[in-house]
Structure formats: structure tokens, C-alpha cells
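Taking it in order: structure first as C-alpha cells, then the write-up.
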Amino acid sequence: MATLSTPTFDNSLLKDILPERKITWLERVLGPENYRIVKGLLKTPASIVGFILIGTFILIAVFAPAIAPPVTSDPYKIPRDGFSSKPQGIGTEWSKNVPDIPFWYTPLTGKTEWVHLMGTAQGQYDIFYGIIWGTRTAFRTGLMVVISTFIIGIIIGSISAFYGGLVDNIIMRIVDVFMTMPFIMMALIMAAVLTPVLGRSLLPSILALISFGWMGYARIIRGDILSIKERDYTLAARVVGVRDSRILFRHILPNAIFPTLVLASLAIGDVVLSFAALSFLGIGTEIGYADWGQVLSFARNWITSLNDYWYIVVWPGFTLVLFVMGWNLVGDALRDVLDPRMRGKS
Amino acid sequence: MINYIIRRLLLVPVLLFGVTLIVFGMLQLLGPVERSALYVRDFPRNENQIAGIIKKYGFDKPFYVQYWRWLTGTQDPATGTRQGGILYGDFGYSRTGSQPVIDMIKDRFPNTLDLAIWTVVPMLAVGIWLGVQAAVHQNGFVDQAARIFSIIGTSFPTFVFGLLVLMLFYAQLHWFAPGKMSDWVNQLVYSGAFHQYTKLLSIDALLNGRLDVFWDALRHMVLPILTLSYISWATFVRVTRSSMLETLRMDYVVTARAKGVKERDVIHKHAQPNAMIPIITLAGFSVVGLLGGVVITETVFNYPGIGQAAATAAQQLDVVTVLGFAIFTGAILILSNLIVDVLYALIDPRVRLD
């Protein structure tokens, strides 16, 4: 019997028509659809600006001890230059409680006296210090809330989508109830209830934001799972008799999770904004904690003379705006990439 | 259609039940001792007294027993008088407001409503107009400007924007003021000469024929209105733009153009009405959101609505007041969402004729 020879194709002719496409390791790891999302994000100018902003804030957070050296053992306590209530302007000299002069200051300005670079708020809290260390607070709270809400959303959404029927219906009604409640008001209330139990710290606000922030992810992952549940490979796995949990964790979730993951990671901006709003309203951390909302809330007592003390609003305000904008720019580009009408256009 | 409305109506009690459950669940985060402290004005030092209160109000009973008691209160078998029970409108006594929570809500809600009414028009008109312009001149100057504007808008926290606006227009220019009314209006309103028909200051001023009072009310609302609208414009521009773009590509629009309809009529008469459907939903939810009390804006501008009251109560850890407001806003939102959904069904032929 003649052995079957492997059929060979001459691809060289095709090369002229279809240029050979190199598949990078990233594409291999992520798969073509997810790779398209990442590539789309890296190609849009707006999202590049966003990434640069986010990167700058990460650097500030990492090098906070070098940029603004702490005075006490708890670096998240903003150092106070005395206790006088009247805010001091930009460039006024530190007189009490002077921290070490950071390495970059003397070479850059030629001065040897450490000043309040951005002025002080009432109670002589140094605004510059609050902004630098507030960046760390922002990332800490943002990451904690986003990771927790993401996990909760994924669990609830997958249960809902995978079992369907009555389970799905009940879970989605619960989601509806949570979504009806006004977010900031409920977070505010939850944090207020938790504060006497947990004491003044980051925790009440973080838990409050988690409690009322998971619903969006549950809905999105539910939708994605519902569509992947009907794909051929899932049906094939079911036919072969694979266990429920294995189908969910090996076949469905890895394929459904990526868009939700990206959305969640970009939600850090919004979470930080809500957190700042809560501490602006006076909920959560104790007074003087390095946190942007906290610094901004100092301005509330100086409404009538804000034109004199503009630096209490402008510096922390623009820091917060730039931070949120960084995430929004990337998020905006992501929305375009994820839009099904745009699919196959890049 | 009738079917849809009935199904939607049946959902209301479910949602209301859910809201009370969430609020009561939050109350349960406090231990029995802490909760007993909520019910007495002066915290008793005496251990036995706390134990007595816990026993009297049943704070150690199972969850569902406490929940039922919280909903319906208790009835004195001898006199028939009822005590407590949120279903009967007893939300407890507010420590921060020094009055029953329900009276506090009655005082504050008209102010929130007043602000909401005046915010609706600028919020919708400017947002939708900008969105339509951006879609019609896609990738043109207006579109790019609207896009940048909407990214900046979504990134600007309400309180930062509010503080900046106050800095400029109040502290620097003295054009507008925070608060609800000037002192002379305050004296006038409570003097008896000013009849309060609706409790909405701006409307009452018109009904009383006092244009000066009306101006004063409006002057105090301009900055909050600007802040609230600015934040929503960003969303409206985006939604309107994408909805408009999608509609403009539809075959019937192409047909209209092909048969020589004027471009302005194509945009405003043919495309815009259909493009408005998703925007109406968004508009509904935005208005409902305004009714739910705009906590941050009201606080920044010291405007005495329910949002500001809730924020003050939360700041001073007045749990009773805060939970009362939670139930109230939850109920308001559920009912107004119902109205929005029904209106939406009436407008959208796809739902109406289903």
C-alpha cells in the first residue's frame, strides 16, 4: 500500500496577496480578541496621555518618602507647622516640626530652608505633603475597592449566569435593588454606620464603596458568560460530561473575564473620586490624614475668603482631576475599542 | 403594553422590600448595645438599663422578629397607641435635626425639589444640543471640543468644580451666594406676610407676586444648577452623539436626503426624534437622581436639601436620621423610576406595540 504523502501547499504565492502576519508573544498569551483591545488602547493618543498621567502618579506614590520626607512614624499623618487656624500662603517657611529637606529641593531651588510649597490649610497642615502622600492613599483605597468589587461581581455574576432561571432572576432583582439606591448617599450612610463599629480609618469608606460598587461587574460578566455559555466549545465540554465547576472555571470564565477585568482596573479613577467625596463630606479618616478629599474639605470653612486661600482648593483639586482624567482617557479609548460596531476596524 | 405596566407595577413592592431589607441590614451592623444607645437621648451608664432597653425593644431577638417590629412598630394593647414602625411614618427622632426625622424630611424635601425643577431645563437643553451638534459635525471642531469637554467634565469631581465656582463667583466677584436665601427673604418668609403655597420658594415667590424674592431664590440656585448641569452635560453629550450618529446612518435618513429634504429638516425632523429614545431614558434617570438628593452639591453650596441634611447627619454619626433618609430616598427613587419606565413605554413604539 502506498504511503500517504503529506500534502504540501506552496504558500509563497499567497505571500504576495496576504503579507505574512507575525504573531507576537503578547497576542499568543492574550488571544486575538483581547490582544485587539490592548493594541487599540496603546494606539489611541488620548489613552497614551492617560497612561502617562497614571504612570506619573504611580511614580509619585512609589517615591513619596523621597519627595516629601515624613516627620513622624506614621507617614500618613500630615505634618503640622503649629496649630494656628489661619492658612499660610505658598512659599512660607516651616517654623515648627520641620521635616528633612528632600534631596531634590536644594539643587533645584538653591535654598536651604524647607518651605510650604503649596501653602498650609487651617491647623497648619502642609498641603504639598498631603497631596504627595495622598497619592498613596488614592492607590491603596482604589486598588482595595476595585479588587474586592471585581471579585464579588465575578462570583455573583457567574453564579447568576451559569445557573440561570430562578437563581438568575432572584440575583438580578437584588442587583436591581442595589442599583436603585443613590450611590453616594448609600455609601455615605454605610460609612457612617460602620465608623462607630470600626473606628475612624480608611476602612469604613472602603467597605461602603465595596458594598455599593459590585453590581456593574456582576451585570457585565453575566452578559459575557451568557454568550460564551452557548459557544460550541462550551457545549462540547458539556456533551463530554465535564463537571459544572470545571466548565465554569476552565472554559467559560477565562474567556469571559477580560473585558470586565479591563473595565474594573480603569474604575480606579471613579473609586478614588467617590472616596475623596466621602472624606470631603467628613466621613472616614481622622482629620489630618493624607488624603485629597480631606485636604479639600479644609476649604469648606473658608468659603467667604476662598479668593485669598485659593491654594487649598486648586492644588488638591487639580491633582484629583488629573488623576481621574488619566483613568478616564484610557477608559474612553477602551469604550471605543470594545464597541462592537468598531470591531475589525483596526 | 398593559402587560408591561402591570409587570412593572408588581416589581415596585419587591424593590421597596429590598430597600428596607438593605437599610435594616445596615442597622444590624451595629451591636445590640450600640443600637440601644440610638434610642435614648442620654446614654445610660447603667449596665442594667442597657439590658433593659435591649429587652424592651427586643434587640436580641432573631433578625426577622426585629425586622417586623422595625417595620410595623408596637401597639399598646391597652390604649391602642402605636409606637415606632417605619410603615406608619415613624422614622425615629433626629439628634442632629432636633426633630422627628419625618418632619425633617418634610422641611428639606421641597428645597431639593425646587433645585431639581430648575436644573432640568439647562441640564437637558445644553447637553442634547451639544451632542446633536457633535454628531452632525462628526470629527469636526464642535465634535472634538465636545469630546474634550466631556472628558474633562466626567473627570471633574462635583465638589472641586463647586468650590472653584464658589471661589470665582462668590468670594471674588460676589455675584452669587451659597445657601438658600438672603436674610431679608428669610425674615419675610417666616413673617406671615408671605403665603407658602407649595413650600418651593421660587414657585411661592411667583405665586405671591414677589419678583424680588424670586430673583433672590434664583440667585442662590444659579451655582448649584451650574454645577449639577455641568457634570451631566458630559454624559448627555456622549449618549446623544452616539445615538445621533447611529440614526444618521439609517436607510430612512438616506432616503430623506435622496429625495431632497433640506439638511436641517433631515437632522431635526427625521433623525432627531428617533435618536432621542435612549436619551429620554437617560434624562429620566438624571432627573430621578436629582430628586434623590444631591448630597455633594448641596453640601458644597450649603443648600438645605435632603442631601445636605443626610451628609450632616452622617458626619455626626446620627444613624437614626441617616437611615430614615435612606429609606425615603430609596422610596422616591423607586416610584420615580416607575414613572420614567412607564413614560418610556408610552414613547417608544417598540415597547408600546409589543
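By convention in this document, chain letters (A, B, ...) are assigned in the order of the sequence lines, proteins followed by strands, and residues within each chain are numbered from 1. What you see below is based on every heavy atom in this structure, not just the backbone, and it leaves out hydrogens, waters and symmetry mates.
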### Query
For the atom pair CD1 (A:Ile189) and OG1 (B:Thr321), what is the distance rounded to the nearest 0.5 Å?
10.5 Å

### Query
Roughly how far apart are A:Met185 CE and B:Leu333 CG, rounded to 0.5 Å?
8.0 Å

### Message
So for A:Phe183, is it side chain, backbone, both, or neither that comes closer than 4.5 Å to the heavy atoms of chain B?
### Response
neither

## Note on the structure
Applying a strict 4.5 Å limit to non-hydrogen atoms, the region of B:Phe156 in contact with chain A is both

### Task
Quick one: closest heavy-atom pair of A:Ala277 and B:Ile296, and the distance?
CB-CD1, 3.5 Å

### Task
Below 4.5 Å from any heavy atom of chain A, which atoms of B:Leu21 appear? Answer side chain, backbone, both or neither.
neither

### Query
Atom CG in A:Leu329, atom CD1 in B:Ile151: separation rounded to 0.5 Å?
5.0 Å

### Query
More than 12 non-hydrogen atoms from neighbouring residues, nucleotides or ligands closer than 6.0 Å to CD1 on A:Ile287, yes or no?
no

### Task
Name the region of A:Leu194, side chain, backbone, both or neither, that has any atom closer than 4.5 Å to a heavy atom of chain B.
side chain

### Message
Working note: B:Gln315 + A:Leu188, criterion side chain to side chain contact (heavy atoms under 4.5 Å, CB included); need CA distance, chi angles, decisive distance, verdict.
### Response
CA-CA 9 Å; B:Gln315 206 178 339; A:Leu188 177 83; over 6 Å; no

### Message
Is any side-chain heavy atom of A:Arg300 closer than 4.5 Å to one of B:Asn302?
### Response
no

#### Entry: Heavy-atom pair with the smallest gap, counting every atom of A:Ala192 and B:Val319
O-CG2, 4.5 Å

### Query
How long is the gap from CE on A:Met186 to CZ on B:Phe325, to the nearest 0.5 Å?
13.5 Å

### Query
Could you go step by step and tell me if A:Met181 and B:Val19 meet the side chain to side chain contact (heavy atoms under 4.5 Å, CB included) rule?
CA-CA 8 Å; A:Met181 312 293 278; B:Val19 167; 3.3 Å; yes

### Query
Under 6.0 Å from the CH2 atom of A:Trp310, do we count more than 12 heavy atoms belonging to anything else shown?
yes

### Query
At their closest point, which heavy atom of A:Ser305 faces which heavy atom of B:Ala171, and how far apart are they?
C-CB, 4.4 Å

### Message
Working to the nearest 0.5 angstrom, can you tell me the gap between B:Leu29 CG and A:Met190 CE?
### Response
5.0 Å

### Task
Give, as side chain, backbone, both or neither, the part of A:Val193 having an atom under 4.5 angstrom from any heavy atom of chain B.
both

## Note on the structure
Turns out that what part of B:Ile22 lies under 4.5 Å from chain A's heavy atoms comes down to side chain

### Query
Any idea which of A:Gly293, A:Ser297, A:Ala276 has the most non-hydrogen atom pairs under 4.5 angstrom with chain B?
A:Ala276

### Sub-4.5 Å side-chain heavy-atom contact between B:Thr158 and A:Phe280
no

### Task
Could you give me the CA-CA distance, side-chain angles and deciding distance for B:Thr154 and A:Met325, then say whether side chain to side chain contact (heavy atoms under 4.5 Å, CB included) is met?
CA-CA 8 Å; B:Thr154 43; A:Met325 197 188 289; over 6 Å; no

### Task
Tell me, yes or no, whether the heavy-atom count around B:Phe149 atom CZ, taken from other residues, nucleotides or ligands under 6.0 Å, exceeds 12.
yes

### chain B contact via A:Ile283 - which portion, at a heavy-atom distance below 4.5 Å
side chain

### Donor-acceptor contact present, side-chain A:Asn307 to main-chain B:Met167, <3.5 Å
no

### chain B contact via A:Asp176 - side chain, backbone, both or neither, heavy atoms under 4.5 Å
both

#### Entry: Closest non-hydrogen atom pair, A:Leu273 against B:Ser155
CD1-O, 4.4 Å

### Query
So how far is it from B:Asn337 CG to A:Thr180 OG1, rounded to the nearest 0.5 Å?
6.5 Å

### Query
Do the side chains of B:Leu164 and A:Val314 get nearer than 4.5 Å, heavy atoms only?
yes

